[in-house]
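Right, one structure below, let's go through it.
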Amino acid sequence: MTRKLTYGGLLIVLLLGAITAWVYESRLTSDSSINPTVTVGGPFSLIDQNGVRRSQDDFAGSYMLVNFGYTFCPDVCPTALRDISAAIDLLGADGEKVIPVFITIDPERDTVEKLKPYAAHFHPRLVALTGGPDEIKAAAKAYRIYYARADLDLGDGDYLMDHSSLYYLMGPDGKFIRHFSFGAPADEMAAAIRAQL
Ligand SMILES: [Cu+2]
């Protein structure tokens, strides 16, 4: 296969992934506006970048800004984490009330060792969580996150993951407050979060 074809294939896979995630997300957002009883979030038990098991109860009393992704992600996740970190910094001292939480949807590659420098790169208070495949599956289901391994071999055993990129603001009681879509500007997120604190 030529280089050109490989890049073309990659583009198609990324595009299909984006469309799937978009369809899934529009269903979620329309669901939750039509039906306010649609729940997002809930109990989880995962392992943070320091190897410590963390549950939803550990975050009680703090707001969480939760998003899902994977460290091998070439573009979407780094952008999301940069925007989320910027929004929290824009909140100044109030930002201390909000804990940014990144949950991997690629636990096979995203080990504790991998998550530690990745999290530190984006925000000093970012909590990055991994776990067993079933634990990740349960957390993603609770947060209505779609993810799947992309059907394209990048060589050397590398692969991409398709996943939805929504950020969830959860209250000190662990309840869902609102979501932000990928691409939401940091200043708009900061203002929207401030209105909830
Ligand atoms: Cu990603």
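Since this is a predicted model, take the numbers as computed values, not measurements. Residue numbers count from 1 along this sequence. Order of listing sets the numbers, starting from 1, for every ligand and every atom in it.
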*Sequence neighbours excluded, which residues qualify as ring-ring contact (aromatic ring centres under 6.0 Å, His included) partners of Phe72?*
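Phe72 satisfies ring-ring contact (aromatic ring centres under 6.0 Å, His included) with no other residue.
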
Ring centres under 6.0 Å, that's the criterion: do [X] and [Y] meet it?
{"X": "Tyr143", "Y": "Phe68", "answer": "yes"}
{"X": "Tyr118", "Y": "Phe102", "answer": "yes"}
{"X": "His179", "Y": "Tyr167", "answer": "no"}

_Ring-plane angle category for Phe44 and Phe59, please: parallel below 30°, perpendicular beyond 60°, tilted otherwise._
tilted

_Just to be careful: counting only protein atoms that are N, O or S, how many fall under 2.8 Å of the Cu ion (ligand 1)?_
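Count of protein N, O, S atoms less than 2.8 Å from the Cu ion (ligand 1): 3.
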
*Decide whether Arg109 and Tyr159 meet the rule of one side-chain donor and one side-chain acceptor closer than 3.5 Å.*
yes

